[in-house]
Structures are given as C-alpha cells and as structure tokens.
Q: 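Here it is, the structure in full.
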Number of protein chains: 2
Amino acid sequence: MESAERINRLLNYKTFLYQLRSLGFIKVFSDNIADALGISASLVRKDFGVFGIVGSQKGGYEIEKILEKIQEILGKDTVQKIIIVGVGRIGTALLEYKKGFDKEGIKIVAGFDIDPATIDPEAEIPVYSTSLLYDYIQDNHIQFAIVSVPESAAQQTLETLKAAHIYGILNFTTLRLKNTEETIISNINIEHELSRLIYFVKNR
Amino acid sequence: MESAERINRLLNYKTFLYQLRSLGFIKVFSDNIADALGISASLVRKDFGVFGIVGSQKGGYEIEKILEKIQEILGKDTVQKIIIVGVGRIGTALLEYKKGFDKEGIKIVAGFDIDPATIDPEAEIPVYSTSLLYDYIQDNHIQFAIVSVPESAAQQTLETLKAAHIYGILNFTTLRLKNTEETIISNINIEHELSRLIYFVKNR
DNA sequence: ATTTTTATGATATTTTTTTCACATATTATC
DNA sequence: GATAATATGTGAAAAAAATATCATAAAAAT
Ligand SMILES: NC(=O)c1ccc[n+]([C@@H]2O[C@H](COP(=O)([O-])OP(=O)(O)OC[C@H]3O[C@@H](n4cnc5c(N)ncnc54)[C@H](O)[C@@H]3O)[C@@H](O)[C@H]2O)c1
Ligand SMILES: NC(=O)c1ccc[n+]([C@@H]2O[C@H](COP(=O)([O-])OP(=O)(O)OC[C@H]3O[C@@H](n4cnc5c(N)ncnc54)[C@H](O)[C@@H]3O)[C@@H](O)[C@H]2O)c1
C-alpha cells in the first residue's frame, strides 16, 4: 500500500491530466506535470514507476494510458455507495453535489437526519430518520459514510457507524477520530485549513 | 518556518487539548497526546521542543500553557478578516458557520456573488456583487479569501483575487492552483478525500 | 545510414522526518 | 533527607521521501 502523500499526488496528476486532455493534448512529459504541480520531474517519474505507468523514451507518456492506469489503481471500476449522516448545511451541499461525485464513481445513495423537517424518503436521494441508519447499512452493504452532524451528536454517530461495521468515514466534525481496526476515518477540518493558511501567510 | 505536517500536528494538539481541558484536566503527558493522535510520544516532544513548549520533568505539560503557546504561534492574537467568493451551497454553509470560525479568530466579513438573488448588502454578513470584489479588498485590506464559485468561474475569480493582492486563498473548486510569489493557495478537494479514503479501505 | 538530441527509468545522493535511547531533572515515597 | 520513580529534552540513529545523476533507448535531423 502506498503512502497517503503518493496517493494525493496521484489524484493531482489525474485532475491535471483531465484538464490537459480536455485541451486536446495526447502526450505529456514528466517535466510538464512537475511544473504544473510544483514538484520535481524525478518525483513524477518515481511515482509513475511505482504505479507501473510506463512512458517511451523521448516520447513521454500517453495521457490516456496514465489516466486508465490511475483509475485502475483507485479501483474506479466499481461504483462506491456512500451515505451522509447529518443533512444540514454541509450535508445538503454534498448531497446536491451529485454530478461532481457521480462522474468519479462515487454515488451518494441516502441521507440520515433526526430532524423530521429534513427527512424525505421520497426524494431523489432519500433522507431517512437516523433510527434506520444501522439497518440501512446492513441491508444495503454500505461501506462508506460522510458525517456532518453537529459536534454534540458526533460521538454517538461514530459509535453507531462503527457498530454497523462501516469501513470508511469522512468526518467533517471537529471531533478528531483515530482509525480503528476495521474503520478508516478521514477528517476534514476547515478551520484547521484556514488556520494553517493564515500561519503560512504570516510566516512567508 | 515549520513544515505543513508539523503545523497540522500543532492544530491537532490544540483540538485534543481543548477537549481535555473541557473535561477538567490540568496537565498532560506526551504519552497521552501521542496515544490520542496515534503518533509517537517522542514526536510530540520534538514538536514541543521546536515550538518552545516546555514541560516539567516528571510532571508533564500544563495544558493551559501549551494552548497559550499554540495560539501565539498561530498568530491568534489578531482577528483575521476573510471574504467568501461564490455564496452557493458550500459558500453559504461556511458563511453561516459563524460560531465555529469566530471562536478561532477567523471572521468572515463579506460574501460576493454574481447572482442578484444571492446578493444582500444588508445581511448580518453582507453579500455584495462580484463587481465590487476588487475595491472591497483594497478598501478593507482583506488578506484572505475562500473561493467556492463553480468551476467555470474559478480561473477568472482567481485572477481577480491575485490582481487585488490577496495573500491567502482557500480554494474549494477542483481547479488545482499553485502558489504564486505573493499568494498562498490551499486546495480542498472533497472528491479527492473520498477517493483516497476508498483507496485505503480497498487496500487495507 | 549515421549522428544528434532528449526524455525515460534506474540508481545514487541528499534532505527531511521520525524514532530511539538515555542522561537529567523533578516529584513522590520511605 | 535520602532514595526511588518517571517524564522530559536532546543528540544520535534510522527510516522515509525527494532530488540529482546518468546510461540508455528512441525519435528526429542530417
Ligand atoms: N458549515 C460549515 O461551514 C462547517 C465548517 C466546519 C465544520 N463544520 C462541522 O460540520 C458539521 C456540520 O455542520 P453544519 O453547518 O452542516 O451543521 P448543521 O447544524 O447545519 O447540520 C447538522 C445536521 O445534523 C442533524 N443532526 C443532528 N443530530 C443528528 C443525529 N444524531 N443524527 C443525524 N443527524 C443529526 C441536524 O438535524 C442537522 O440537519 C458540524 O460538526 C460542524 O462543526 C461545518
Ligand atoms: N457542493 C459540494 O459538496 C462540493 C463538493 C466538492 C467541490 N465543490 C466545488 O465547490 C464549488 C462550489 O460548489 P457549490 O456546490 O457551492 O456550487 P453552487 O453552484 O451551489 O454555488 C456557486 C455560487 O457561485 C456563484 N457564482 C457563479 N459565478 C460567480 C462569479 N464569477 N463570481 C462570484 N460568484 C459566482 C453562483 O451564483 C453560486 O451562488 C464548485 O467549484 C464545486 O465544484 C462543491
């Protein structure tokens, strides 16, 4: 298994190469990618080597081939079903951001909330009562969840998800969580991102 | 200037220590922090050493003292004004998430949008027309912006912000941007976060 | 056909990050 | 007050990550 940093770069390569392709480019050199992402060309080539992406000497790399390989590495052959727990401001934004996720093989299949005003089982992406969460996960073999409940409900929600044997959680609450044996937890903390940005600007 | 990783850890220490403090704890050992965050105790101590956070031998560290020092390092003595460009789903969620940012010395002072239905200069946090963006930044000495416009408007928005000499940008669009001489750009890509999570679950 | 050019891919080197190990100081105990 | 216990702080060691170097292959030019 590769490092998180390497996978990050892989995702960045992908995004950049999609852009290049849409501009009509067919081939690309490690140098071009390096410049675009602000890293060294040898790191690009090393990454490609690790992932089994080969180019031709003098001719560079075929964009189409790289992209295929990246999708394969990321396991994008199968669609991943995801649920959202806490359909408030952030949760709704994500729920409605269909096209962006769909085209990456990520399908948000349902939301869960305690607020009766938010619950709507008939919507295109249904929003159910949280009381149904555990059973829904079991019945539909859900492996991934996004957590965007208020802080106060975070711990409880996490426990339920773990009990239901969810494999991966994207956590938007500030409750910082460690991976467990079974569940990988990825924390997004927007306040941290801002604070870090401010730090680097101030210490530039 | 410290590495991004070290600043990340600093922010994690902060979050964890706030939690500990709210539980009534006064002191903490590097071991406790290490366990909570899943890192080694020596790394915690090394970080503290780098940041000039000192404990007492046998007695550990005073939580209050660490937190003070962290706030000092992060420059939390002054409130930072931030604007949001693109007050759609994500932008609105951030705009309304006042308390979370305010208590960290991050103050969202205005939003900007092209949609007349969204513009509301009289709101608690006013939302202005994008045509006023450049002048607003100049007049109010704004240093930071969050960008949550659609992809199609991303490049243009970035150019305007750079032209207005913004120092830091938190970018939610998938357009991947490099830092420039003057402007530090931090990219949040939720799709990437999900893809990475899926990768690590599949290759666990 | 030969030479030149140049980008890859592999290896070596350097840099950065993390961990180890232990002397030292400080608190608690006897 | 002496002794024991133990967590810090630091310098050395190890590990990991990134970069530099260069032989080689393949395309282009002559
Ligand atoms: N909005 C932001 O910009 C922002 C920024 C940073 C972090 N966050 C964090 O993200 C999380 C969500 O933020 P938000 O602004 O969307 O909050 P919100 O209050 O708008 O939404 C929370 C939703 O969760 C629902 N909920 C409450 N308890 C629940 C439970 N037990 N099970 C299921 N649903 C439950 C509520 O009914 C509500 O719909 C919070 O933890 C917040 O701290 C938000
Ligand atoms: N919503 C999500 O969950 C999500 C997830 C990942 C990435 N993103 C990205 O975040 C960005 C915003 O997403 P969203 O869902 O909030 O979109 P949205 O369409 O809800 O909001 C975009 C807002 O920007 C405004 N706008 C358009 N052109 C503008 C301009 N030139 N200047 C100022 N404002 C302008 C629109 O009027 C609208 O209010 C997009 O780039 C999207 O790809 C969103």
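Quick caveat, the model's predicted, so the values are computed rather than measured.
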Q: Decide whether B:K46 and B:S40 meet the rule of one side-chain donor and one side-chain acceptor closer than 3.5 Å.
A: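 Note: B:K46 and B:S40 side chains miss the donor-acceptor criterion.
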
Q: Counting heavy atoms from C-beta on, name the nucleotide in C:dG9, D:dT19, D:dA27 closest to the side chain of A:L43.
A: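 Of the options given, the side chain of A:L43 lies nearest D:dT19.
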
Q: Residues of residues 1-12 of chain A with any non-hydrogen atom less than 4.0 angstrom from an atom of DNA chain D: list those, numerically ordered, please.
A: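 Only A:S3, A:R9 qualify.
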
Q: Select one nucleotide: of C:dG9, C:dT19, C:dA7, the one nearest the side-chain heavy atoms of B:K46.
A: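 It is C:dT19.
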
Q: Is any side-chain nitrogen or oxygen of B:Y61 closer than 4.0 Å to OP1 or OP2 of C:dT26?
A: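 It does not, given that no N or O in the side chain of B:Y61 lies less than 4.0 Å from OP1 or OP2 of C:dT26.
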
Q: What is the distance, rounded to the nearest whole Å, between atom CD of B:E62 and atom C1' of C:dT26?
A: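 That distance rounds to 14 Å.
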
Q: Does atom CD of A:E124 have more than 12 heavy-atom neighbours from other groups under 6.0 Å away?
A: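 Counting neighbours around CD of A:E124, 12 or fewer heavy atoms of other residues, nucleotides or ligands fall under 6.0 Å, so no.
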
Q: Atom CG of A:D35 and atom P of C:dA7: how far apart are they, to the nearest Å?
A: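 Atom CG in A:D35 sits about 12 Å away from atom P in C:dA7.
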
Q: Taking the ring centre of each residue, are A:F144 and A:Y167 less than 6.0 Å apart?
A: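 Distance test on ring centres: not under 6.0 Å, no.
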
Q: For B:R45 and B:S56, take the nucleotide of DNA chain C holding the closest heavy atom to each; which residue's nucleotide lies nearer the 5' end?
A: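 Going by which nucleotide is closer to the 5' end, it is B:R45.
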
Q: Answer yes or no on whether A:R176 is positioned over the face of B:F16, meaning its NZ or CZ is under 6.0 Å from the six-membered ring centre and within 45° of the axis.
A: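 Ring-cation test returns no.
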
Q: Check the phosphate of D:dA18 against A:S40, side-chain N and O only, distance under 4.0 Å to OP1 or OP2. Yes or no?
A: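 Result: no.
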
Q: Heavy atoms only, 4.0 Å cut-off, all strands: where does B:F48 land among base, sugar-phosphate and nothing?
A: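 Nothing, no heavy atom under 4.0 Å.
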
Q: About how many Å separate NZ of A:K27 and CD1 of A:I63, when rounded to the nearest 0.5 Å?
A: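 The NZ atom of A:K27 is 10.5 Å from CD1 of A:I63, to the nearest 0.5 Å.
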
Q: Decide yes or no, distance alone: a donor-acceptor N/O pair under 3.5 angstrom between the base of C:dT26 and the side-chain of B:Q57.
A: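 Check fails, no donor-acceptor contact within cut-off.
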
Q: Starting from P on D:dT8, measure out to NZ on B:K65 and report it in whole angstrom.
A: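 Whole-Å distance recorded here is 13 Å.
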
Q: Could you give me the CA-CA distance, side-chain angles and deciding distance for B:D47 and B:R6, then say whether salt bridge (charged side-chain N to carboxylate O under 4.0 Å, His left out) is met?
A: CA-CA 7 Å; B:D47 283 341; B:R6 184 158 271 151; 2.6 Å; yes

Q: Round to the nearest Å and state the distance from A:I66 atom CD1 to C:dG9 atom P.
A: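 So the two atoms are 10 Å apart, to the nearest Å.
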
Q: What is the nucleic acid contact for B:G49, judged by heavy atoms within less than 4.0 Å: base, sugar-phosphate only, or nothing?
A: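 Answer is nothing: B:G49 stays at 4.0 Å or more from every strand.
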
Q: With sequence neighbours excluded, tell me which residues meet ring-ring contact (aromatic ring centres under 6.0 Å, His included) with B:Y61.
A: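 Partners of B:Y61 by the ring-ring contact (aromatic ring centres under 6.0 Å, His included) criterion, ordered by chain and then number, come out as B:F48.
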
Q: Is a donor-acceptor contact shorter than 3.5 angstrom present between the side chain of A:S42 and the base of D:dA20?
A: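 Under the 3.5 Å cut-off, the side chain and the base do form a donor-acceptor pair.
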
Q: Do B:T183 and B:H165 have side-chain atoms, one donor and one acceptor, less than 3.5 Å apart?
A: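 Result is no, nothing qualifies.
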
Q: Which nucleotide wins on minimum distance to the side chain of A:K58, given the candidates D:dA26, D:dG9, C:dT27?
A: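 Of all the options, the side chain of A:K58 is nearest to D:dA26.
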
Q: Below 4.0 angstrom, which residues in residues 21-32 of chain A have at least one non-hydrogen atom near DNA chain C?
A: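 Within this stretch, A:F29, A:S30 sit under 4.0 Å of the strand.
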
Q: Closest-nucleotide mapping onto DNA chain D: is A:G59 or B:A41 further toward the 5' terminus? I mean the 5' end.
A: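 Per heavy-atom nearest nucleotide, the more 5' residue is B:A41.
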
Q: Check whether any side-chain N or O of A:Q138 sits under 3.5 Å from a backbone N or O of A:A164 as a donor-acceptor pair, and report yes or no.
A: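 Flag set: sc A:Q138 to bb A:A164 pair under 3.5 Å.
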
Q: For residues A:E151 and A:T174, is any side-chain donor paired with an opposing acceptor at under 3.5 Å?
A: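 Note: A:E151 and A:T174 side chains meet the donor-acceptor criterion.
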
